[in-house]
K.L.:
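If you scroll down you'll find the structure; I have some questions about it.
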Amino acid sequence: MDKYNPKEIEKKWQDFWAKNPDNFSAKDESGQEKAFILDMFPYPSGTGLHVGHVEGYTASDIYSRYKRMNGKNVLHPIGWDAFGLPAENYAIKTGVHPKITTQEAVETFTHQMNAMGFSYDWSREVNSSLPEYYKWTQWLFLLFYKNGLAYKKKAKVNWCPKCQTVLANEQAENGKCERCESEVIQKDLEQWFFKITDFVEDNGETSGLLSGLEKIDWPNSTKSLQKNWIGKSEGAQFKMSIVIASEAKQSRDVEINTEIATSLSAPRNDMYIEVYTTRIDTVFGMTYAVVAPEHSVIKEQRSMIKNIEEIDAYVEDSKKKTDLDRMEAKVKTGVEIKGMKVINPFNGEALPLFVADYVLSQYGTGAVMAVPAHDERDFEFAKKYDLPIKEVIMPIFGEPHEGAVKRETVSPLIQRKSDGKFLFLKMKGELNGVITTIIGGIEEGESIESAAVRETLEETGYETKFIGKLGEKLESHFYAPHKKEWRERIDQSVVLELINENEIQEISNKEKDLQEIIWLTENESYKKLIYESDIIRMNRFLGKETAHTDDGRVINSREYSNLTSAEAREKLTAWLEEKKIGQRKINYKLRDWLVSRQRYWGAPIPIIYCEKCGEVAVPEKDLPVVLPDDVDFKPTGESPLKYSKKFQEVRCPKCGGEAKRESDTMDTFVCSSWYYLRYSDPKNEKEFASKEKLEKWLPVDLYVGGAEHSVLHLLYARFFTKVLHNLGYLNFDEPFLKLRHQGTILAEDGTKMSKSKGNVVNPDDVVAQFGADALRIFEMFMGPLEDAKPWQTKGIVGVSRFLERVYEHFKRNKKGLGDSWDEWCDFEKWKNNPEKGDTSIEIKTILNKTIKGVSGDIENLKFNTAISKLMILFNTIYKAETNKQFPRDIRLESSLSTFITIDDYKKIIIILSPFAPHLAEELWEKLGNSESIFLQKWPAYDPELIKDEEIELIVQINGKVRDKIVVSADISEEEAKKLATESEKVKIHIAEKEIKKVIFVKGRLISIVI
RNA sequence: GGGCGAGUGGCGGAAUUGGUAUACGCACGACACUUAAAAUGUCGCUCCGUUCGCGGAUUGAGGGUUCGAGUCCCUCCUUGCCCACCA
């Protein structure tokens, strides 16, 4: 037997698995418990598989093999997300048909996947670009259409001038095309949409896209990305009447204007704008209002607008701007609409109205109330145009508020008796004749300007009050109890500064005076609740010149003053509803999904336009609408399908008259939104999948794929599942119960791998050099599955050496010194060796521990630690056997003490097998087995054997490790204490001191406090 | 600007979820085998000190809770990813 030769071994077993596909196929008929383990199906690109693919696929492969060996009926399929722009763009450049490039890429991918030893069930392979697949994509489109969930609408859409197609909002990142980076422009076009917004909230029995997140095991980051994308916000929408500017001036009186405002409910006044806000509690701070350039008020009230030319010019100007321009504009721009004012219905104030493109037309009502004191954008705008800023929210200090962090104890210095009202202020100056620093509190409700700090000095009996502003000399006053009045003190000068907790600590170390003063006022109370975030909030409130946007207590708001923000929102909204001026309103950032594309390489939308009958669905019997082959790909702004006569010209299915086909195709995300369902029944010609098989295999138990799909694919797939659940086709409403992302594999220097940098690692090269088993193990060993990890070319030799050693060790464990494998491996002798008896206890223990550990690690997808445990197992055995060096026969003799029975040896090979399937099959065969190792049962561990009889008890003194003593594992506390105190090392440290306390943690440590 | 993570040796990373920090691997060093090198094997490898027994420090910095903190709490710093005028 020769050296470990992965090339030979791997080829051999890949051929074997290809000839025995049943080993890995999912059994429709089996009564065993199912496990659906799914990889995100790849886009078969011309560049082939990259190391990132290999990472995710290896993880799911290990998991699948493990589950099969644990008696699960595993469905582990693969397929191709084969439609898409790159193939079409390549066709435009070279004239090679996408069908051909895609087919070639699929072959390359298939070849590479087999070369990695992935145990897919190839009998269930799907390809979204084949008619037998997209027939059902079209069928699903029609299902949506018939249920009012697919509709056509003229819409302002993101248009990529380079790709010559419409993009979904999700694909127009930062105003740039996701694929080609060109700037996206806005176009008005007839487009198809899916009503994804109908499924944000629960819909009958079907959980919504939001609430459904709560019941699935997904990474939190992915859940929160989806939540943010949906962007739910709860607020109020209300009408503000528009009045002629000159009239508004006369009616300052609140009563009158409130009447005008409330009279909006009457039909005689339809002059109003409607605004949406989540901060109705700040409504009394409104000092102007803003509409988006696209807002209808500009078109409808032209006669009222005095500066209409100026407004038109501004609107024209912002129309020209792309979304990118608008976003990148550092300074907000806008123009006042002269000649009209809007009335704040709450106080009747007439306020100026602006048009500005910092307001988005697509969100809410396209109009907002502006509260510069409490909104950063409004603040910025108000500063620029010199508009008034009116504060109506006061932060709350020293009181529980949203986001407050409760802390039960604080250091003595800032434990002050002041009824929970804290503001950390440092007063530095002369106090009672001594230069000193004190830390003071502020009464709730007092603003910093009126009463800065109150301090009671108990030794004088006088309460002292300092009045002034931060950074300035304060006036100090004292309260004379006998006169019951405040008097000014002139003998002290104190400067007030804001400080944070760290500084308080520093002061405590440096200034003893301070401590004394504080202690004088302090000694009754050591424990107090304070709120850490107060310091930050206070800094923000006092420090920067900026809007402060936190909730707080409402001020300057008539009868609503003194309410908290939350209370005020409730009451103000109720008032709006009562007066019929407005109502509660929930808005979402998520908009309906634009699914039509003016492209060739996608599934045609199965709709026919007839002059008589209008829009007609293609009848089910006519599906699929096949994509024609003879098409000119050159983009024109319209779908290439428009120019295929054969495709275009069609009879109306209703009236038989002349008609035309819809020439748009579907977004590829439509194809990938349901492919996981198809795996359950991939050959079905009558249904997208039979109900019975869907119920057998779905939902997906584990889904592994890149985090870049956190929003698009994963949201759309959930939407599809919810629709199908809602319509009674599925008995589950979340498709993927457990989701894990593989982390990005970075280049060696920690940057992203990219073709342009030339630092892409090609898995083929690694396989050629080290073998697939080595690459699999290496990628799993690099670190946690979900972390981003840099590639380390040198690191792979470590796992390669490990595999070599496994192979070498296998050889060495055999009897005989001949050269041929048969002579090396006298298994009969090994099996029945009467002198050897059982596996040595040390090896048995570590083997059982490893079985337990590796099993647990695979369950938790912690492959890096699983591999390290396997390495430890082999190192232990190997080391024990090689503790004597050459000559070889002595070494073999020495292995007597580490003898392993053939049954235990089998267990070792089995637990290695999911990681290194080729090597494991090879060794398994060499052990004389004819059946594949992957048909074997995963070994169970013996719980008796993993218990340690003796442990190393750690002895700590005052938290420091001072000794380690070997004791029996179930040692009692008394015994442990006795043994510990008898230890010489411990005696030295205890010396004469008294033992105050002993903490005993069974089986682990004993901690002595002196 | 907002959201979510992460900071542990020269490097990738481990740590039973509050109980021996640095497992496993890479790189590095010494030795063995060799004419030599590679390969392989054995030993060493956080830092500082050391009389070679051991002592001290250490998980981005500072503070807190605890008998005990990489792990929990607070502040600050650095960094990654995603979102970004959504009222």
K.L.:
With the side chain of A/Lys794 defined as its heavy atoms from C-beta on, choose the nearest nucleotide among B/A87, B/G12, B/A27.
P.N.:
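When the side chain of A/Lys794 is considered, B/A27 is the closest of B/A87, B/G12, B/A27.
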K.L.:
Kindly label the base of B/G60 as syn or anti, based on whether its glycosidic torsion lies within 90° of 0.
P.N.:
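Base orientation relative to the sugar is anti.
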K.L.:
Starting at the 5' end of RNA chain B, which residue's closest nucleotide do you reach first, A/Ile867 or A/Pro784?
P.N.:
A/Pro784
K.L.:
Roughly how many Å apart are B/A6 and B/U71, using the C1' atom of each and rounding to a whole number?
P.N.:
14 Å
K.L.:
Can you confirm whether more than 12 heavy atoms, excluding those of A/Lys852, are under 6.0 Å from its NZ atom?
P.N.:
no
K.L.:
Under a 3.5 Å limit for both distances, which nucleotide forms a Watson-Crick or G-U wobble pair with B/A23, could you say?
P.N.:
none
K.L.:
Does the side chain of A/Asn875 get closer than 4.0 angstrom to OP1 or OP2 of B/C24 through an N or O atom?
P.N.:
no
K.L.:
Quick check, are the ring centers of A/Phe802 and A/Phe781 under 6.0 angstrom apart?
P.N.:
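No, the ring centres sit 6.0 Å or more apart.
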K.L.:
Take atom C1' in B/U8 and the same atom in B/U46, then report the distance between them in whole Å.
P.N.:
10 Å
K.L.:
So, is A/Arg801 close to the B/A39 phosphate, meaning a side-chain N or O under 4.0 Å from OP1 or OP2?
P.N.:
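A/Arg801 to B/A39 OP1/OP2: no side-chain N or O under 4.0 Å.
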K.L.:
Nearest to the side chain of A/Asn228 - B/U40, B/G3, B/G19?
P.N.:
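Among the listed nucleotides, the one closest to the side chain of A/Asn228 is B/G3.
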K.L.:
When we call it a touch if two heavy atoms are under 4.0 Å apart, what does A/Ser233 touch: a base, just sugar-phosphate, or nothing?
P.N.:
sugar-phosphate
K.L.:
Between the side-chain atoms of A/Lys869 and the base atoms of B/C24, is any donor-acceptor pair under 3.5 Å?
P.N.:
no
K.L.:
Side chain of A/Val961 only, heavy atoms from C-beta on: which candidate in B/U20, B/A14, B/C24 is closest?
P.N.:
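Taking heavy atoms from C-beta onward, the closest nucleotide is B/U20.
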K.L.:
Donor-acceptor pair under 3.5 Å: do we get one between A/Arg962's side chain and the base of B/U20?
P.N.:
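Under the 3.5 Å cut-off, the side chain and the base do not form any donor-acceptor pair.
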K.L.:
Looking only at side-chain atoms of A/Asn864, point me to the closest of B/G12, B/G13, B/U16.
P.N.:
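That would be B/G13.
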K.L.:
Between the base of B/G1 and the side chain of A/Glu376, is there a donor and acceptor pair under 3.5 angstrom?
P.N.:
no
K.L.:
Would you indicate which nucleotide in B/C67, B/C24, B/G19 comes nearest to any side-chain atom of A/Met871?
P.N.:
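Looking only at side-chain atoms, A/Met871 lies closest to B/C24.
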K.L.:
Is it true that atom NZ of A/Lys390 has more than 12 heavy atoms of other residues, nucleotides or ligands lying nearer than 6.0 Å?
P.N.:
yes
K.L.:
Please report the distance separating the C1' of B/G5 from the corresponding atom of B/U40, rounded so that it comes out in whole Å.
P.N.:
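Those two atoms are separated by 43 Å.
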K.L.:
Just checking A/Leu225: base, sugar-phosphate only, or nothing, at a heavy-atom cut-off of under 4.0 Å?
P.N.:
sugar-phosphate
K.L.:
Is it the case that the base of B/C67 and the side chain of A/Ser1007 share a donor-acceptor contact (distance under 3.5 Å, atom types as modelled)?
P.N.:
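In this structure, the two groups form a donor-acceptor pair.
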K.L.:
Let's see if you can work this out: which of B/A15, B/A87, B/A23 has an atom nearest to the side-chain heavy atoms of A/Lys862?
P.N.:
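Selected nucleotide: B/A15.
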K.L.:
Choosing from B/G19, B/A87, B/G13, which nucleotide comes nearest the side chain of A/Tyr363?
P.N.:
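That would be B/A87.
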K.L.:
Taking the minimum atom-to-atom distance to the side chain of A/Asp375, which one of B/C82, B/A87, B/G13 wins?
P.N.:
B/A87
K.L.:
Any base atoms under 4.0 Å from A/Ile872, or only sugar-phosphate, or nothing? Heavy atoms, all strands.
P.N.:
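Sugar-phosphate only.
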K.L.:
Taking for each residue the nucleotide of RNA chain B bearing the nearest heavy atom, is the 5' side occupied by A/Val1009 or by A/Gly366?
P.N.:
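It is A/Val1009 whose nearest nucleotide is closer to the 5' end.
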K.L.:
Using the C1' atom as the point on both nucleotides, what is the distance between B/A27 and B/C76, in whole Å?
P.N.:
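That atom pair is separated by 35 Å.
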